[in-house]
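Note that the structure is a prediction, hence the values are computed from the model and not measured. Below, chain A is the first sequence line, B the second, and so on; all start at residue 1.
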Amino acid sequence: MELKKIEALHQSCVEKITDHDLGAFLRICPPKEQSKGPLAGMSFGISDEICTRGVETTAGSRLLAGFIPPYQSTAVARLEDAGALILGKTNVDEFALGDTLSSAPQKTIHPLHKGYTPGGSAGGGAVAVASGQAQGAIASDVGGGVRIPSAICGIVGFIPTYGRISRFGVIEHAPSLNQVGIMAQKVEDIKKIYGVVAGHDPLDSTSLPNEVSPPVNLRGLRVGIINQVEQDKMEKAGQDLVNLTGCSLAQLDVEYPTYAEVVFHYIAAAEASSTLGTYDGVRFGHRVPGCEDIREMFSKTRAGGFTTYSKSMILLGTYILTGDRYEKYYLKALKARTGIIEEFKRLWRDCDVLITPTVPTTKVSYGDDVALRKYTAACNLAGLPAMTLPYGKKDGFPFGLQIIAPQGKEHLLLDLGAALERSGVNG
Amino acid sequence: LTITAETLRQLGEIVYLDLTGEEMEEILPKLREIIGQGDLLPQLDGIEPTRHITPLESVLRKDQVGLSLSKEAVLMNGPEIEDGFFLVPRILED
């Protein structure tokens, strides 16, 4: 596309962003020449924990104010190579740690219900897509960071198997849990974007080798439903899938939702206590001036930079890694993580995909202390692909239907989701 | 057994976070609640802990010279730079 046309497209997108005034974007990227490719002309928001060469990237933290990455994250490089128009950096909880945007640098407003949070951590990206400011967004999903705000805002949010999308250039707090995810209004768009950003990356040591997905026969699919969870909604979703695809249903007893979020908290906090040690005011970002010695500089810089929420996670992680608490909390959580992986392996004997609600509630006010990762965190703990789809409403708010598949079977989610979307069936 | 204000203050020192009294009051009950939820974890004996989900082992790049960031690019984000070095306050005691 010619630079003139790109500038015009960019300008119209920026006008949309200004008109909406929902606080989805933290800053706008300058327009630049685009490649021809499958995403040509498609506009994107990039969550602020994903590095964009030459454009300030703060991971939503004061500690990285003014940080200009000298390199490009692989995911953004692949989007640009495919012709995507990168519009700007979207709002996110500090270091993608939260789930309600309460630790984000600015307030982002729910596009449908002004007084409520769009959820986090990647609430900026979800609002950008839901309100039509961008056609796609990418962000970190550590315990639900992509799926939670997508469900709350009524859009599609997808994460592939851990290692399918490169994490190179992603500023993160819990590397063993982070799966880069995609947000869009339609599953077909997710498919197109995923086809571009996925694939082996030698710059990420956890990147999986490329694999070709086998064709999917939805007719023979077995869909699992958890007993006693949002029974009416889930049974209707299951029946809709049966009617649409001819798949079969399996009612299953599942234990992990009762403790997965605790396991997630302990492991994420332990990893954060290590990874967030990097932010000390020496090599980049914010530094408190005028300190007498290095200890004072570290303490004042970090204390003034991190939000209270991030501090609490660092302190929790340090607490459970110290002394005999290591065994009592951290090691126990790591074993419980194995337990969750084993439980999923047992579930896959009885079903090919599992459907659950994405979040226990979508009606969340700013400042509410709610546990939103009950159904999402287990996927990160087990490295599974998952997708949330808008499926009707609950209490007047969008209801997100989550579909989970075994590792390497993201094509099942994409095909099943596309079938549901094409049918127009809505819970 | 639960976390005390004194333990929290000591942890703050370990991780270089000076906590204000207000922060202590906000953080302490939240940590107590999360730590209390440890009782929900199942007691799984004879099971290996999972630290990482990837099946990959010892991924090493080829030992060959390649392009890297220039010194200028590495230093460009430093809050204080002098003669090609990151400048920091005094490290050694008198």
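A distance-only check finds a donor-acceptor pair linking the side chain of A:Thr338 to the backbone of B:Glu48 [under 3.5 Å]. Between the side chain of B:Thr50 and the main chain of A:Arg337, no donor-acceptor pair closer than 3.5 Å is present. Judged by distance alone, with hydrogens and angles left aside, the side-chain atoms of A:Tyr266 form a donor-acceptor pair with the main-chain N or O of B:Ile35 at under 3.5 Å.
In this structure, the side chains of B:Leu44 and A:Glu342 stay at 4.5 Å or more apart for every pair of heavy atoms. Side-chain contact check for A:Tyr319 versus B:Leu31: every heavy-atom pair is 4.5 Å or farther apart. At a threshold of 4.5 Å between non-hydrogen side-chain atoms, the residues B:Leu40 and A:Thr258 do not count as touching. In this structure, the side chains of A:Met313 and B:Lys30 stay at 4.5 Å or more apart for every pair of heavy atoms. In this structure the side chain of B:Asn77 never reaches within 4.5 angstrom of the side chain of A:Arg283, judged on heavy atoms. Within the 4.5 Å cutoff, side-chain heavy atoms of A:Lys332 are placed close to those of B:Gln43.
Of the listed residues (A:Leu315, A:Asp280, A:Ile314, A:Leu276), the one with the most heavy-atom contacts under 4.5 Å to chain B is A:Leu315. For the set A:Glu255, A:Met297, A:His265, A:Lys311, the count of heavy-atom pairs under 4.5 angstrom toward chain B peaks at A:Lys311. Taking A:Ile341, A:Leu381, A:Thr322, A:Ile294 one by one and counting their heavy-atom pairs under 4.5 Å with chain B, the maximum is reached by A:Ile294. Put simply, of B:Ile14, B:Leu11, B:Val59, B:Asp45, the one with the most heavy-atom pairs under 4.5 Å next to chain A is B:Leu11.
The part of B:Leu87 that comes within reach of chain A is its backbone (N, CA, C, O), which places non-hydrogen atoms under 4.5 angstrom from that chain. Of the atoms belonging to B:Leu56, it is side-chain heavy atoms, and not backbone ones, that fall under 4.5 Å from chain A. Using a 4.5 Å cut-off between heavy atoms, A:Tyr162 touches chain B through its side chain atoms alone. Using a 4.5 Å cut-off between heavy atoms, B:Ile34 contacts chain A through both its backbone and its side chain. B:Thr7 touches chain A through its side chain: at least one heavy atom from C-beta onward sits under 4.5 Å away, while N, CA, C and O do not. For A:Thr318, the parts sitting under 4.5 Å from any heavy atom of chain B are the backbone and the side chain alike. With a threshold of 4.5 angstrom between heavy atoms, B:Arg51 approaches chain A through its backbone and through its side chain. Only the side chain of A:Gln407 comes within contact range of chain B, with at least one heavy atom under 4.5 Å from a heavy atom of that chain. Using a 4.5 Å cut-off between heavy atoms, A:Tyr309 does not touch chain B at all. Interface remark: A:Pro289 contributes no atoms to any contact with chain B (heavy atom separation under 4.5 Å). Of the two parts of A:Ser273, neither the backbone nor the side chain holds a non-hydrogen atom closer than 4.5 Å to a non-hydrogen atom of chain B.
Looking at every heavy atom in both residues, A:Leu208 comes nearest to B:Pro55 through CD2-CD, 4.1 Å. Residues B:Ile47 and A:Gly339 approach most closely at CD1-N, 4.0 Å, considering heavy atoms. The nearest pair of heavy atoms linking A:Gly281 to B:Pro79 is O-CG, 3.3 Å.
Looking only at atom types and distance, the side chain of A:Thr206 has no donor-acceptor partner in the side chain of B:Thr54 under 3.5 Å away.
In this structure, the separation between CG on A:Asp293 and CG on B:Leu92 is 11.0 Å, given to the nearest 0.5 Å. Here the CE atom belonging to B:Met76 is positioned 7.5 Å from the CZ atom belonging to A:Phe67, to the nearest 0.5 angstrom.
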